[in-house]
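These notes are about the structure you will find just below.
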Amino acid sequence: MISLTEYNQDEFHLLHAQTVENTMRYFARELGFADEEDFWGIVGLLHDLDFEKYPKEHCIKSQEIMKERGIDEKIIHATASHKKGEKG
């Protein structure tokens, strides 16, 4: 289990996580993946888990954190994948 508020306290980041979670759930349903709605919701919720505390290690530190917590490897991969191609 992992707590989003353990790594994010800023109201903006918490709202952003919830907004992305809801958006991912919506598109899962709309695109015919309703059976995977929970998976994509969790991915949306955790996609910036490390951003507030570790902005320079964004999408790297979150993988370490999630692995330590026993989070499914598919979720770890999906959350880390949104950074590909970004410069930073």
Side-chain angles (χ1 to χ4, degrees):
M1 187 60 128
I2 195 161
S3 171
L4 184 63
T5 57
E6 184 176 344
Y7 297 94
N8 294 271
Q9 284 82 45
D10 185 89
E11 186 177 339
F12 171 81
H13 291 124
L14 295 171
L15 181 60
H16 174 69
Q18 292 172 337
T19 300
V20 176
E21 173 191 13
N22 292 330
T23 302
M24 296 291 278
R25 287 180 177 280
Y26 169 81
F27 279 110
R29 289 189 307 270
E30 288 295 308
L31 297 173
F33 299 97
D35 58 325
E36 297 180 32
E37 180 181 341
D38 288 340
F39 171 82
W40 289 111
I42 291 168
V43 169
L45 188 66
L46 298 179
H47 82 285
D48 280 344
L49 177 70
D50 60 0
F51 189 78
E52 187 175 324
K53 271 191 156 178
Y54 308 99
K56 291 183 179 183
E57 298 175 85
H58 179 46
C59 292
I60 296 167
K61 190 68 176 174
S62 63
Q63 292 178 67
E64 295 172 15
I65 293 166
M66 286 190 252
K67 283 179 185 175
E68 289 172 2
R69 301 295 177 94
I71 303 296
D72 187 298
E73 198 61 42
K74 288 189 249 178
I75 292 172
I76 295 170
H77 176 76
T79 58
S81 296
H82 82 280
K83 175 126 176 161
K84 289 185 180 184
E86 285 184 25
K87 294 180 181 179

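We count residues from 1, following the sequence as given.
A salt bridge links Glu6 to Arg69: at least one charged side-chain nitrogen sits closer than 4.0 Å to a carboxylate oxygen. Taking 4.0 Å as the cut-off between side-chain N and carboxylate O, Lys67 and Glu64 do not count as a salt-bridged pair.
Taking CD1 of Ile60 as the start and CD1 of Ile65 as the end, the distance is 12.0 Å to the nearest 0.5 Å. With rounding to the nearest 0.5 Å, the separation of CD in Gln18 from CD in Glu21 is 7.0 Å. Atoms CD and CD1, on Glu68 and Ile2 in that order, are 9.0 Å from each other to the nearest 0.5 Å. Distance check, rounded to the nearest 0.5 Å: CD1 of Ile42 to CG of Asp72 gives 9.0 Å.
The shortest distance between side-chain heavy atoms of Asp48 and His13 does not fall below 4.5 Å. Taking 4.5 Å as the limit, every side-chain heavy atom of Thr79 sits out of range of all side-chain heavy atoms of Leu49. Taking the side chain as every heavy atom from C-beta outward, Asp38 and Arg25 approach each other to under 4.5 Å. Between His47 and His16, some side-chain heavy-atom pair lies under the 4.5 Å cut-off. Contact check for Phe12 versus Leu15: no side-chain heavy atoms found under the 4.5 Å cut-off.
Ring geometry, His58 versus His82: the interplanar angle exceeds 60°, so the pair is classed perpendicular (tilted spans 30 to 60°).
The two residues Asp50 and Lys61 come nearest to each other via the heavy atoms OD2-N, 3.4 Å. The minimum heavy-atom distance linking Ala28 with Glu37 is given by the pair CB-CA, 3.9 Å. Closest approach of Ile75 and Leu46 over heavy atoms only: CG2-CD1, 4.5 Å.
The neighbour count for Phe51 CZ, taken as heavy atoms of other residues, nucleotides or ligands under 6.0 Å away, does not exceed 12.
Side-chain atoms of Glu52 come within 3.5 Å of backbone N or O of Asp10 as a donor-acceptor pair.
In the hydrophobic cluster analysis, where Ile, Leu, Val, Met, Phe, Trp and Tyr join through side-chain heavy atoms closer than 4.5 angstrom, Phe33 is grouped together with Tyr26.
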